Asks: 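Below: one structure in structure tokens.
Letters A, B, ... mirror the listed sequences (proteins, then strands); counts begin at 1. Bear in mind that the values here come from a model prediction, so they are computed numbers and not experimental data.
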Number of protein chains: 2
Amino acid sequence: MHIEIQRKSETSLSNQIFQSIVDHIRSGLLQEGSQLPSVRELSKELGVSLVTVVKAYKELEKNNFTTSIQGKGTFINIEETATKETKKEEPPFNWQLSIQDYLPRAQFSRFHYVSDEIQLSSSMIDPGLLPNRYLEQEIHKMLLENPRILSQYSEVQGDLKLREAMSQYLKQFEIPTTPDNLLITNGSQQGLDLVARTFVGPGDVVVMESPTYPGAIDIFRGRGATIITVPVDGDGMKVDILQNLCDKYKPKIIYTIPTFQNPTGAVMTQKRRRKLLNIAKSIQSIIVEDDPWSEIYFDKKPPAPIKSMDYYGHVIYLKGLSKTLAPSCRIGILSASGSVFNRLLAAKSNADLGSPLLTQKSLLPFITSNKMIDHLKKLRTALKLRRDMAIDLLLKYAPEEISWMIPNGGLNIWISLPVWIDTNQLLIEARRNHVTFLPGSACYPVEQEKYHLRLSFSYMSEQQLQLGIRTMCNIFNAEITSKKKNSNMPYF
Amino acid sequence: MHIEIQRKSETSLSNQIFQSIVDHIRSGLLQEGSQLPSVRELSKELGVSLVTVVKAYKELEKNNFTTSIQGKGTFINIEETATKETKKEEPPFNWQLSIQDYLPRAQFSRFHYVSDEIQLSSSMIDPGLLPNRYLEQEIHKMLLENPRILSQYSEVQGDLKLREAMSQYLKQFEIPTTPDNLLITNGSQQGLDLVARTFVGPGDVVVMESPTYPGAIDIFRGRGATIITVPVDGDGMKVDILQNLCDKYKPKIIYTIPTFQNPTGAVMTQKRRRKLLNIAKSIQSIIVEDDPWSEIYFDKKPPAPIKSMDYYGHVIYLKGLSKTLAPSCRIGILSASGSVFNRLLAAKSNADLGSPLLTQKSLLPFITSNKMIDHLKKLRTALKLRRDMAIDLLLKYAPEEISWMIPNGGLNIWISLPVWIDTNQLLIEARRNHVTFLPGSACYPVEQEKYHLRLSFSYMSEQQLQLGIRTMCNIFNAEITSKKKNSNMPYF
């Protein structure tokens, strides 16, 4: 087990230990029935007092994550929000537990598709809205004409034809790039991972928005980064706060999702974008601009990416490409310049020697045709309808204690409940009703706020979306009513 | 620039600095015209004496890697073995050079396919020997029946149906596994990378064969491992030497390619396999068994993988799957048990959230049919013919000073020249004649032997193979004759 302690952090040591063990359980790294190290062992390993470890262990037990058995030790309970398919550790493998690893958490590794669930947790697009049939025909034609594609490797950097097409595609976002400055990745998740493995090491400071995309937290944590956070409001990352933090911490990386931020949906203003770039320039930092869905806008087009203003090579721009088209291809692109780009290319070579050629060639005919433009137009219309439907349902059925931001693009609605509601608990109840969502706590790199949740309106059919949101509203109502009834706290 | 100094190493500090900078140049991380830090700067950064850095810089200049300009500094020359497409650094990006990275080297990142070259450097299989047309039909059928596959994500662990098929496939190697213990990766390169990122950190000891697969060296170096090496003879890794090293160093990971070792072609004996497993058990280490081509045997079947004897979960088994079938799919599998497996799954989630579903589903029909067995049979016959042809040509045309091991499987022949020949220099001459091979120095993790080279007989057509080997023999002859003529050393 790998627990990283940051002595300079504002979070107490016992809380850091508590949080790290919870992360291990959530990631499936510590499974039901596994034994924790003894208090004495852990205090020695981490160089902290016995009292600190005892406090963390008590908190785990209080929150039902563990059970202590007198004279035997502390054991992991079944976590109710997790899938229950976890197997018991086979005895012959017990020796493995003493091998130290470098994985603080990986929350998505246990993602399982459960077919009868209404997944409002998935930031994905309804397969019914994607051009499967058309793509299938294009793939057939492509392979029929040139079956040798199947026996060829891609260049490490990615297929040149696809890079040419993407360099063309990025023009709509005013991003000046050439095929030489593009790298094809396995989704933008890998792009982000390449950035982290290349530039982030133990103790390097990374700025993240709070809340942010959980997968990014896992990646930077995994490199041992010191993460500092900047809050997000309706206009995106609060760049004034960033300025103060930068003076103090000189971050190496600033990670941002400026357009339809995940999970909040916020769009960073043009003014803040420019200011952010200036800050990065002044302290010689790298901005990692994650842009998963700026194509999916519902009202007016969002401001151009920060990358469009980047003359000095401060911005590494990431875009998922297959999400809006063919998720089974898992293709992302990364745009960067100068030696920063060369180093990322070298990291890609170490990571997997290049993405599959088949998936790259499969998307090429569609992307280079006019069909892509038409498809995106239709997608915007269809998803706008679902957003409107979701908001209408919330207005109609959600209790008045609940608030949300209406997103102008992207796939998610960020919902805030009263502070005395824990959405992790709500998820247990929702699952019993075959509905899932993303509990907000997963989105906080440091201090967690537990009373938010992310609802994705893009993956389920309209009918299921309607059923899912009504179910959730019922759960909200029941929980708020019951909490009010059973509590002595003053209502507000 | 990231230079890692190991003070306990048997290699001198100046040699380590020299080697690291050469690695950076070969990897394209330092490009033509880039300026090296001043002697003073580097000595301060690394905490070594000025004399040490001066010695390293002199060695670089002597070997033609750099040029010093009085009063200006030291600059990288064009490396003649590299492709000459490298661009000059644009001035606005100069600030980037001060950003520290974590990449010691990535030798394969600059791999470019040059169509008029006879690539004896590529351990790949001639596209003419792969079932492209048949696969193309299967893919068409699969997508026609179920176009929605295009819009779906794979599970992080990999498609269940493919894992079931692979669990069945592995039975021929006597590997007892279930779909639950298998992870689908982007080629075995990613499998290896997942192992390294999960279990290897700065200073952890990794044992490697010497020589070994260059991509593996890059990966473990990238994690800051302390690499110790064990020589390989005709019976594989010299396990007696390993035993002594293990007593002293307690390695966390032992990396081996027991069957048709890359690059030597050696097959580890059954006895050594058992002994290796016992050593790992006794010191609680993990064996990483890389098995790229045990299907490709020419005479008798090689011994079963070490994994087949692994009851206690000491072996992480890696197999490239698409190399012998459809390289454009880039699919590998990893088999492991217990918490070691769970942790690798978590790492896969962080790395890319799962491999593309399209490539996984594309191979499924072929693998589960009898066609796979027939195909492998044919492949063995065809490649045996090429091996025989290559050996015949060497016997006929190579000078007598040259020796090689006849491989009983795999794709490579390991050729040893007289110790006073540097195959890096030969490569320059070979390229002038449009032939490439892998210089042996790339395969040594620590002390390099420069007088070997790896020749792959599997990628080129028979005609090109013939031409390529005859060209190489001419180069061998010319080089040996010229060295003998111009040297005062006694001939032997």
Asks: Side chain, backbone, both or neither: which part of A/Ile331 has a non-hydrogen atom closer than 4.5 Å to chain B?
Replies: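 Answer is neither: A/Ile331 stays 4.5 Å or more from chain B.
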
Asks: Treating A/Gln96 as the side-chain partner and B/Ser337 as the backbone partner, does any N or O pair qualify as donor plus acceptor under 3.5 Å?
Replies: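 Yes, because the side chain of A/Gln96 sits within donor-acceptor range (under 3.5 Å) of the backbone of B/Ser337.
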
Asks: Tell me whether B/Gln152 contacts the main-chain N or O of A/Ser328 through its side chain, where contact means a donor paired with an acceptor under 3.5 Å.
Replies: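 No, B/Gln152 side chain to A/Ser328 backbone: no donor-acceptor pair under 3.5 Å.
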
Asks: Please classify the contact between A/Ile139 and chain B as side chain, backbone, both or neither, with a heavy-atom cut-off of under 4.5 Å.
Replies: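 Side chain only.
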
Asks: Using heavy-atom distances under 4.5 Å, tell me whether B/Leu144 contacts chain A through its side chain, its backbone, both, or neither.
Replies: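 Contact with chain A: backbone and side chain both.
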
Asks: What's the shortest heavy-atom distance between A/Asp101 and B/Arg343, and which atoms?
Replies: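 The pair with the smallest heavy-atom distance is OD2-CD, 2.5 Å.
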
Asks: Checking A/Lys252 against chain B: side chain, backbone, both or neither under 4.5 Å from a heavy atom?
Replies: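 Looking at A/Lys252, just its side chain touches chain B.
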
Asks: Identify which of B/Glu136, B/Gln190, B/Gln100 forms the greatest number of heavy-atom pairs closer than 4.5 Å to chain A.
Replies: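 Top count of heavy-atom pairs under 4.5 Å with chain A: B/Glu136.
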
Asks: Looking only at non-hydrogen atoms, find the nearest pair between A/Gly128 and B/Arg148 and report the distance.
Replies: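 Of all heavy-atom pairs spanning A/Gly128 and B/Arg148, the closest is CA-NH2, 3.5 Å.
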
Asks: Looking at B/Tyr102 and A/Val200, what are the two nearest heavy atoms and their distance?
Replies: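 In terms of heavy atoms, the two residues are closest at CE1-C, 3.5 Å.
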
Asks: For the residue pair B/Leu143 and A/Arg133, what are the closest heavy atoms and their distance?
Replies: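 Answer, listing the atom of B/Leu143 first, then A/Arg133: O-NH1, 4.3 Å.
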
Asks: Would you mind telling me which of B/Pro131, B/Gly191, B/Ser188, B/Cys329 has the largest number of heavy-atom pairs within less than 4.5 Å of chain A?
Replies: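 Between B/Pro131, B/Gly191, B/Ser188, B/Cys329, the count favours B/Cys329.
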
Asks: Pick one of side chain, backbone, both or neither for B/Leu130, based on which atoms fall under 4.5 Å of a heavy atom in chain A.
Replies: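 Contact with chain A: side chain only.
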
Asks: Tell me, side chain or backbone of A/Asp193 under 4.5 Å from chain B's heavy atoms, or both, or neither?
Replies: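 Side chain only.
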
Asks: State, to 0.1 Å, how close A/Pro327 and B/Tyr153 come at their nearest heavy-atom pair, and which atoms those are.
Replies: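 The answer is CB-CE1, 3.4 Å.
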
Asks: So which atom in B/Tyr311 and which in A/Phe93 form the shortest heavy-atom distance, rounded to 0.1 Å?
Replies: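 Reported closest heavy-atom pair: O-CE2, 3.5 Å.
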
Asks: Which bit of A/Ser362 is near chain B, if near means a heavy-atom gap under 4.5 Å: side chain, backbone, both or neither?
Replies: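 The side chain, not the backbone.
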
Asks: Which atoms of B/Ser98 are under 4.5 Å from chain A, going by heavy atoms: the side chain, the backbone, both sets, or neither?
Replies: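 Looking at B/Ser98, just its side chain touches chain A.
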
Asks: Checking heavy atoms, do the side chain of A/Arg197, its backbone, both or neither come under 4.5 Å from chain B?
Replies: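 Backbone plus side chain of A/Arg197, per the 4.5 Å heavy-atom cut-off to chain B.
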
Asks: Using modelled atom types and a 3.5 Å cut-off, is there a donor and acceptor pairing between side-chain atoms of B/Gln189 and backbone atoms of A/Ala351?
Replies: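 Looks like no, no N/O pair under 3.5 Å.
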
Asks: How many angstroms lie between atom CD1 of B/Ile99 and atom NE2 of A/His314, to the nearest 0.5 angstrom?
Replies: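 Answer rounded to 0.5 Å: 8.0 Å.
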
Asks: So how far is it from A/Leu103 CG to B/Phe199 CZ, rounded to the nearest 0.5 Å?
Replies: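 Nearest 0.5 Å value for the CG-CZ distance: 7.5 Å.
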
Asks: Just so I understand: if I count every heavy-atom pair under 4.5 Å between each of A/Gly201, A/Gly222, A/Gly187 and chain B, which residue has the most?
Replies: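 Maximum pair count with chain B is reached by A/Gly201.
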
Asks: For the atom pair CG (A/Asn132) and CG (B/Leu150), what is the distance rounded to the nearest 0.5 Å?
Replies: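 The CG atom of A/Asn132 sits 5.5 Å away from the CG atom of B/Leu150.
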
Asks: Which one, B/Asp218, B/Asp352, B/Leu357, leads in non-hydrogen pairs under 4.5 Å with chain A?
Replies: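 Sorted descending by pairs with chain A, the first entry is B/Asp352.
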
Asks: Would you check if the side chain of B/Arg330 reaches a backbone N or O of A/Ser154 as a donor-acceptor pair within less than 3.5 Å?
Replies: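 Checked: no pair found.
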
Asks: How long is the gap from OG on A/Ser339 to CH2 on B/Trp95, to the nearest 0.5 Å?
Replies: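 Interatomic distance, A/Ser339 OG to B/Trp95 CH2, rounded to 0.5 Å: 8.5 Å.
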
